[in-house]
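In what follows, a single structure is set out as structure tokens and then discussed.
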Amino acid sequence: MSLKAAILPVTPFQQNCTLLWNDDTMHGAVSDPGGDLDRIIGTVEEAGITLDKILLTHGHLDHAAAAGDLARKLNIPIEGPHRADLFLIEALPEQARKYGFPECGAFVPDRWLENGDTVDVAGLTFDVIHCPGHTPGHVVFFHAPSHLAIVGDVLFQGSIGRTDLPQGDYNALVSSIRERLWPLGDDVTFVPGHGPLSTFGAERRTNPFVADDTFA
């Protein structure tokens with residue numbers, strides 16, 4: 001497959017920023033650049049990758065705070081999340097001050113995403129899956145040929161995203177996972193917003209929040 005991926009944990013929250021690129025052209029995108037821009041840019045330059053765009057799964061600080069500054073620095077667009085996360089993106093400068101993050105510039109994504117949309121990463125097509133619950137506008141990026149999903153804070157190894165934050169919804173999150181992610185296949189490897197990779201199949205068997213046995 002031409003798709004390559006590399007994970008860079010960034011910010012004090014150790015959020016999994018992900019580089020995605022076409023190994024044939026060395027063009028690509030970065031998903032959820034929440035901070036540590038010098039590290040992200042240095043890794044991109046060292047690997048010889050040209051970034052064409054920024055993808056956002058949702059609007060929380062550790063995932064999106066540095067997106068506007070990176071977009072302006074490289075003159076590239078921001079795609080995602082769903083428009084329902086606008087209130088979070090508008091609050092990013094205030095949230096950065098509150099939690100001691102570097103000052104971040106305000107921005108509005110160049111493209112809001114809807115369920116069923118696709119995004120192009122250097123000629124590679126990712127399906128957009130709207131998965132509300134952790135935030136109302138959270139989206140997942142799925143590259144079917146590689147069986148790879150970038151799921152942000154929807155799902156983790158052995159856990160699921162928090163739903164006690166503004167406009168979180170536990171029932172909506174569980175439904176998003178079981179109705180929109182499980183049908184993609186047990187063999188799908190996913191990159192969560194924090195922590196180690198897993199597969200949908202492993203979580204269907206063992207995750208206490210969304211395992212099949214829990215709903216049997």
Side-chain angles (χ1 to χ4, degrees), residues 10-18 31-35 54-69 71 77-117 119 126-142 149-184 190-195 200 203 207-210 214-215:
V10 297
T11 84
F13 293 79
Q14 288 295 284
Q15 188 277 123
N16 287 334
C17 171
T18 307
S31 172
D32 291 358
I54 296 164
L55 305 178
L56 293 181
T57 61
H58 65 294
H60 280 157
L61 180 69
D62 52 330
H63 291 255
D69 293 332
I78 299 170
E79 298 189 8
H82 184 281
R83 187 181 296 273
D85 270 13
L86 173 61
F87 77 104
L88 291 170
I89 290 173
E90 289 178 333
L92 285 172
E94 176 187 346
Q95 291 289 301
R97 289 190 292 272
K98 179 178 179 181
Y99 289 99
F101 273 53
E103 181 177 349
C104 69
F107 68 93
V108 175
D110 297 274
R111 180 189 175 198
W112 297 108
L113 298 173
E114 300 282 346
N115 189 61
D117 283 349
V119 296
F126 285 74
D127 296 313
V128 175
I129 303 161
H130 182 210
C131 290
H134 177 64
T135 71
H138 202 302
V139 297
V140 164
F141 299 101
F142 175 53
I150 309 298
V151 305
D153 286 353
V154 170
L155 181 68
F156 304 104
Q157 183 185 80
S159 189
I160 60 174
R162 293 177 60 177
T163 55
D164 59 334
L165 300 171
Q167 296 193 33
D169 186 322
Y170 179 84
N171 290 331
L173 181 58
V174 171
S175 294
S176 291
I177 294 167
R178 291 184 53 79
E179 297 173 11
R180 293 193 168 176
L181 297 187
W182 288 175
L184 300 178
F190 68 89
V191 179
H194 307 264
F200 290 161
E203 300 311 306
N207 190 306
F209 297 94
V210 287
T214 304
F215 295 86

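Numbers here simply count residues along the sequence, with the first being 1.
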Using the ring of each side chain (for Trp, its six-membered ring), is Phe13 parallel, tilted or perpendicular to Phe101, with breaks at 30° and 60°?
->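 If you compare the ring of Phe13 with that of Phe101, the planes turn out tilted.
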With the side chain counted from C-beta on, respond yes when Asn115 and Ile129 share a heavy-atom pair under 4.5 Å apart, and no when they do not.
->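 They are in contact (side-chain heavy atoms under 4.5 Å apart), so the answer is yes.
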With a 4.5 Å limit on heavy-atom distance, are the side chains of Val140 and Val154 in contact?
->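 Contact flag for Val140/Val154 side chains = yes.
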Let me confirm one number: the [atom1]-[atom2] distance from [X] to [Y], rounded to the nearest 0.5 Å.
{"X": "Thr18", "Y": "Leu55", "atom1": "OG1", "atom2": "CG", "answer": "10.0 Å"}
{"X": "Arg162", "Y": "Tyr170", "atom1": "CZ", "atom2": "OH", "answer": "15.0 Å"}
{"X": "Ser31", "Y": "Phe126", "atom1": "OG", "atom2": "CZ", "answer": "9.0 Å"}
{"X": "Gln157", "Y": "Phe190", "atom1": "CD", "atom2": "CZ", "answer": "7.5 Å"}
{"X": "Ile177", "Y": "Asn207", "atom1": "CD1", "atom2": "CG", "answer": "7.0 Å"}
{"X": "Leu56", "Y": "Ile78", "atom1": "CG", "atom2": "CD1", "answer": "6.0 Å"}

Least distance between heavy atoms, [X] atom then [Y] atom:
{"X": "Ser176", "Y": "Pro132", "answer": "OG-O, 2.7 Å"}
{"X": "Ala71", "Y": "Ile54", "answer": "N-CD1, 3.6 Å"}
{"X": "Cys104", "Y": "Ala65", "answer": "CB-O, 3.1 Å"}
{"X": "Phe156", "Y": "Pro192", "answer": "CD2-CB, 3.7 Å"}
{"X": "Gly34", "Y": "Val10", "answer": "N-CG2, 4.1 Å"}
{"X": "Gly59", "Y": "Ile89", "answer": "CA-CG1, 4.1 Å"}

Hey, could you give me each pair passing side chain to side chain donor-acceptor pair (under 3.5 Å) that has a residue in residues 129-138? Not counting sequence neighbours.
->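 For residues 129-138: His58-His138, His60-His134, Asp85-Thr135, His134-Asp153.
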Scan for side chain to side chain donor-acceptor pair (under 3.5 Å) pairs involving residues 92-113, sequence neighbours excluded, and state none if there are none.
->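 Sorted result for residues 92-113: Glu79-Arg111.
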Main-chain N/O of [Y] paired with [X] side-chain donor or acceptor, under 3.5 Å:
{"X": "Gln15", "Y": "Asp62", "value": "yes"}
{"X": "Asp32", "Y": "Cys17", "value": "no"}
{"X": "Thr214", "Y": "Phe209", "value": "no"}
{"X": "Asp169", "Y": "Thr163", "value": "no"}

Not counting sequence neighbours, which residues clear side chain to side chain donor-acceptor pair (under 3.5 Å) with [X]? List them please.
{"X": "Arg83", "value": "none"}
{"X": "Asp69", "value": "Arg72"}
{"X": "Asn171", "value": "none"}

Could I get the full list of ring pair (Phe, Tyr, Trp, His ring centres under 6.0 Å) partners for Phe141, not counting sequence neighbours?
->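 So Phe141 forms no ring pair (Phe, Tyr, Trp, His ring centres under 6.0 Å) with any residue.
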